[in-house]
Amino acid sequence: MTSLSKPSGSFLAAFVRPRTPHRQPADLNAVFPVTRRLRFGDDLEPGFVEYHVERSLPFVRLALLLAIVLYSLFGILDLYIVPSAAKWIWLIRYAFFCPVALVVLRLTFTRWFKAVMQPVLTGMAIWTGLGIVAMIAIAPPTVGFRYYAGLLLVIPWAYTMLQLRFAYATQACLVMIIGYELVAVWVKHTPTQVLVSNNFFFLSSVIIGMVAGYTIERGYRTHFLQHRLIEAQRAELALHNEQLDSALQKSLDGLRHQAAELKASRARVVAAADSERRRIERNLHDGAQQHLTALAIKLSMASDLGEEDPALGRELLEEARCQANDAVRELRDLAHGIYPPLLAENGLQTALSTVAGWSPLPATVDVARLRRYPADVEATVYFCCLEAIQNACKHAGQPATLALRVREDAGTLTFQVTDDGKGFDAGTCGLGAGFLNMADRLGALGGSLRVESAPRQGTTVSGTIPVGALH
């Protein structure tokens, strides 16, 4: 038969929606409602952990550096508040806390620290808080009560600056408070009023720290979702761009192919026009012109000999009459090849029925009652059907029969010439000049030609011309 198709993955599946016009990104709470409990599913949580580590490391280093500076500077107050126990408190500050904090700060620059960052920082927060608790235990009872204020700084520091996630910071603060309660009750025997007052401030500090820590982590998780959503949209956009580029390239290739076909078609039309002009010139010269020349000679002879030999004159006049009839017939046949008078006068139905009647093969005609069309449309259908019938008569074989059918449906004029003869392999043999001429005629009016054939299965030639705009 001849006639002249995305990145995939769990995240994309979850976040990339089919595109609809003017659709806005879904609300994050609707896309991921469990953000409120600060826990993603198993498919997203590892990605968030890595994302959080990458973006929080600079703040972690700043928090550790600030803790070392403040822990060291508060040693000046030890001389003023508890001079008698200052050396023991300095032991905690400078021999235990600062070296450990410096080691952790150095570890933040190693590759393996990212995998254990939260547990290590949780231990660092506990170490910082219990250092304050140890100072309370060492200081005399009258001044030890004042060191609880250090815990009021450590708790928000752990929830915010240290970049501990909410659950880890809460665990660290719980250990600090338990340590303080044990020391305050069992070691220092803190008065009830002081203990209640201190716990009230601890509780307030923890509440503020928890709200801040929860808000910070939820902000990280929301930003993480937005980041992943943007990545997915970029991947989808890249895929669409690739598909558009491919479609555009195909369209350009199709246009180039059509342009080449149009160029070849125009060349064939020009060549066919020149060939037809030469054929008409040759037919006029060899046919009608010769008859008319001979007619003029015989009429001249008849005029000269008519008086001397009337019988010979009458014979010459009879021959002239026959040659005049031949010239008329030649001119009629020639005009019929240019534009059939029957087609011009009566339209396609009568003209095609007459053409089918001339066929040496038995032919059936099914031409519906058609309206009149512009001359170029009617001529195109007429000559295409004539060419198809002549091809069938030449190649289908003697036992074959013909069927001609013409219809207009939904603004398209369709013709079909079918024979049940020998057929041929259209893919192997290709289409001859006659089929190319038919395709050129139809293509000039926006139509198309279709040839279906196979050995021993006959041939069907069909064509269409859009005529909807011609009403």
- T418 OG1 to L404 CG distance, which is reported to the nearest 0.5 Å: 9.0 Å
- For residues I216 and T160, determine if any side-chain heavy atom of one lies less than 4.5 Å from a side-chain heavy atom of the other. yes
- Are M438 and T380 close enough, and set up right, to give a side chain to side chain contact (heavy atoms under 4.5 Å, CB included), and what steps lead you there? CA-CA 8 Å; M438 294 166 65; T380 296; over 6 Å; no
- Determine, using ring centers only, whether F424 and H395 are less than 6.0 Å apart. no
- Query: What pair of heavy atoms forms the shortest contact from S56 to M117, and how long is it?
  - Reply: OG-CE, 3.5 Å
- May I ask you to test the F59-M161 pair for a side-chain heavy-atom distance under 4.5 Å? no
- Return yes if some donor-acceptor pair links the side-chain N/O of R61 with the main-chain N/O of T108 below 3.5 Å, else return no. yes
- Can you check side chain to side chain contact (heavy atoms under 4.5 Å, CB included) on I89 and V82, steps first, answer last? CA-CA 9 Å; I89 295 177; V82 285; 3.5 Å; yes
- Just wondering, more than 12 heavy atoms not from D366 lying within 6.0 Å of its CG? yes
- Side-chain donor or acceptor of T222 paired with backbone N/O of R218 under 3.5 Å: yes
- Has Y94 got more than 12 heavy atoms of other residues, nucleotides or ligands less than 6.0 Å from its OH? yes
- Item | ring-ring contact (aromatic ring centres under 6.0 Å, His included) partners for F97, two or more places apart | Y71
- Task: Indicate the atoms forming the closest heavy-atom contact of L107 with T110, along with that distance.
- Result: O-OG1, 2.5 Å
- Main-chain N/O of F200 paired to S204 side chain as donor or acceptor, under 3.5 Å: yes
- Please round to the nearest 0.5 Å and tell me the distance separating atom CD of E378 and atom CG of L348. 4.5 Å
- Do N199 and E181 have side-chain atoms, one donor and one acceptor, less than 3.5 Å apart? yes
- Least distance between heavy atoms, M124 atom then L64 atom: CG-CD2, 3.8 Å
- Message: Within the 4.5 Å heavy-atom criterion, are I389 and V417 side-chain neighbours or not?
- Response: yes
- pair F166-T170: side-chain heavy atoms closer than 4.5 Å: yes
- Message: For F74, I'd like to know if atom CZ has over 12 heavy atoms of other residues, nucleotides or ligands within 6.0 Å.
- Response: no
- Message: For Q118 and Q163: C-alpha separation, side-chain torsions, deciding distance, then whether side chain to side chain contact (heavy atoms under 4.5 Å, CB included) applies.
- Response: CA-CA 9 Å; Q118 289 297 313; Q163 299 295 301; 5.6 Å; no
- Query: Should we say atom CD of Q390 is surrounded by more than 12 heavy atoms from elsewhere, each under 6.0 Å from it?
  - Reply: yes
- Query: Atom OH of Y148 and atom OG of S205: how far apart are they, to the nearest 0.5 Å?
  - Reply: 10.5 Å
- Query: Between R450 and S462, do the side chains contain an N or O donor and an N or O acceptor separated by less than 3.5 Å?
  - Reply: no
- Query: Counting distance only, does the side-chain N/O of W157 pair as donor-acceptor with the main-chain N or O of A67 below 3.5 Å?
  - Reply: no
- Task: Quick one: closest heavy-atom pair of L162 and A125, and the distance?
- Result: CD2-CB, 3.9 Å
- Task: Find the distance between CG (L182) and NZ (K188) and round it off to the nearest 0.5 Å.
- Result: 14.5 Å
- Message: Is any side-chain heavy atom of L442 closer than 4.5 Å to one of C384?
- Response: yes
- Task: Would you sort out whether Q233 and L229 count as a side chain to side chain contact (heavy atoms under 4.5 Å, CB included), showing the intermediate values?
- Result: CA-CA 6 Å; Q233 290 174 341; L229 184 60; 4.0 Å; yes
- With sequence neighbours left out, the residues meeting ring-ring contact (aromatic ring centres under 6.0 Å, His included) with Y180 are F202
- Query: Just by distance, with hydrogens left out, do Q249 and D245 show a side-chain donor and acceptor under 3.5 Å apart?
  - Reply: no
- Message: Within the structure provided, determine whether V467 and V377 are in side-chain contact (heavy-atom separation under 4.5 Å).
- Response: yes
- With side chains defined as the heavy atoms from C-beta onward, is the minimum distance between L164 and Y159 less than 4.5 Å? no
- Do T414 and T464 have side-chain N/O donor and acceptor atoms under 3.5 Å apart? no
- Item | Value rounded to 0.5 Å, distance of CG in D253 from CZ in R256 | 5.0 Å
- Look only at the side chain of E217 and the backbone of R165, and say whether a donor-acceptor pair between them is shorter than 3.5 Å. no
- E50 CD: over 12 foreign heavy atoms closer than 6.0 Å: no
- How about L402 and T364: do any of their side-chain heavy atoms sit closer than 4.5 Å? no
- Message: Please give me the minimum heavy-atom distance between L449 and A439, naming the atom from each residue.
- Response: CD2-N, 4.0 Å
- Query: Where is the tightest heavy-atom contact between A134 and I92, given as atom of each residue plus distance?
  - Reply: CB-CD1, 3.6 Å
- Task: Could you walk me through whether D78 and K87 pass the salt bridge (Lys or Arg N to Asp or Glu O under 4.0 Å) test, one step at a time?
- Result: CA-CA 9 Å; D78 296 333; K87 62 180 181 178; over 6 Å; no
- Atom pair CG (L44) and CZ (R221), whose distance is rounded to the nearest 0.5 Å: 10.0 Å
- Who are the ring-ring contact (aromatic ring centres under 6.0 Å, His included) partners of Y220, not counting sequence neighbours? H52
